[in-house]
Amino acid sequence: MFGNQGLEELRRRKQELIATGAQKRARLARECRQLEPALSWVDTLSRLARQAAPVFSAAAPLIGGWWAKSHLGGGLVTKLRQATGLFRGIRSFYRGFMRK
């Protein structure tokens, strides 16, 4: 089917492709190592989100009720002040819960 010349050409092309693939894999690994420190915050954020998910699920009805109740009176500044106090309470509860 193929002569010796054709087989040699195929072997040479195969070796070129293998070498090119190895170079590309090495370059990709190097670029990933360079990006890793810059993207470490993503890992931290995802870990914190997983830890906070149960707290937010438990607090969602409370926050919704608070928002509906506070919607009747007060402006944005008042709501932000109340939200800050609510957030501090939830945060202290969460920290106390995580210690146990």
Side-chain angles (χ1 to χ4, degrees):
M1 184 180 221
F2 289 109
N4 279 343
Q5 185 179 6
L7 287 175
E8 286 303 315
E9 179 65 25
L10 287 174
R11 285 188 191 117
R12 186 189 60 76
R13 181 69 179 139
K14 178 182 175 182
Q15 291 303 316
E16 286 175 8
L17 291 172
I18 290 172
T20 303
Q23 291 171 350
K24 288 182 179 182
R25 281 191 300 279
R27 189 178 81 209
L28 180 62
R30 186 175 58 250
E31 289 174 357
C32 286
R33 282 192 304 273
Q34 291 171 349
L35 283 176
E36 193 173 338
L39 296 177
S40 65
W41 64 272
V42 174
D43 184 43
T44 303
L45 183 65
S46 66
R47 184 173 33 84
L48 290 175
R50 281 192 304 271
Q51 290 176 347
V55 174
F56 289 138
S57 296
L62 297 173
I63 293 171
W66 164 80
W67 184 263
K69 182 179 172 184
S70 67
H71 187 66
L72 298 174
L76 181 63
V77 174
T78 303
K79 288 182 184 176
L80 288 176
R81 283 187 192 141
Q82 291 174 349
T84 302
L86 181 64
F87 175 73
R88 286 182 182 150
I90 291 171
R91 184 180 60 185
S92 70
F93 171 78
Y94 178 73
R95 286 182 178 168
F97 181 75
M98 293 305 287
R99 285 187 194 134
K100 293 181 181 181

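These numbers come from the heavy atoms of this one structure, side chains and all, not from hydrogens, waters or symmetry mates.
- Using a cut-off of 4.0 Å between Lys/Arg side-chain N and Asp/Glu carboxylate O, E36 and R33 are scored as not salt-bridged.
- At least one side-chain heavy atom of R91 sits less than 4.5 Å from a side-chain heavy atom of R88.
- Contact record, G89 with S92: O-OG, 3.0 Å, taken as the closest heavy-atom pair.
- By the 6.0 Å contact criterion, CD on Q5 is open, its count of non-hydrogen atoms from other residues, nucleotides or ligands being 12 or less.
- Separating the CD atom in Q34 from the CD atom in E31 is a distance of 6.5 Å, to the nearest 0.5 Å.
- Note: D43 CG to L48 CG = 9.5 Å, rounded to the nearest 0.5 Å.
- Under the 4.5 Å side-chain heavy-atom criterion for ILVMFWY residues, a single connected hydrophobic cluster contains both L39 and L45.
- Atom-to-atom distance recorded for L28:CG and L35:CG is 9.5 Å, nearest 0.5 angstrom.
- Remark: T20 OG1 to Q15 CD distance equals 10.5 Å, nearest 0.5 Å.
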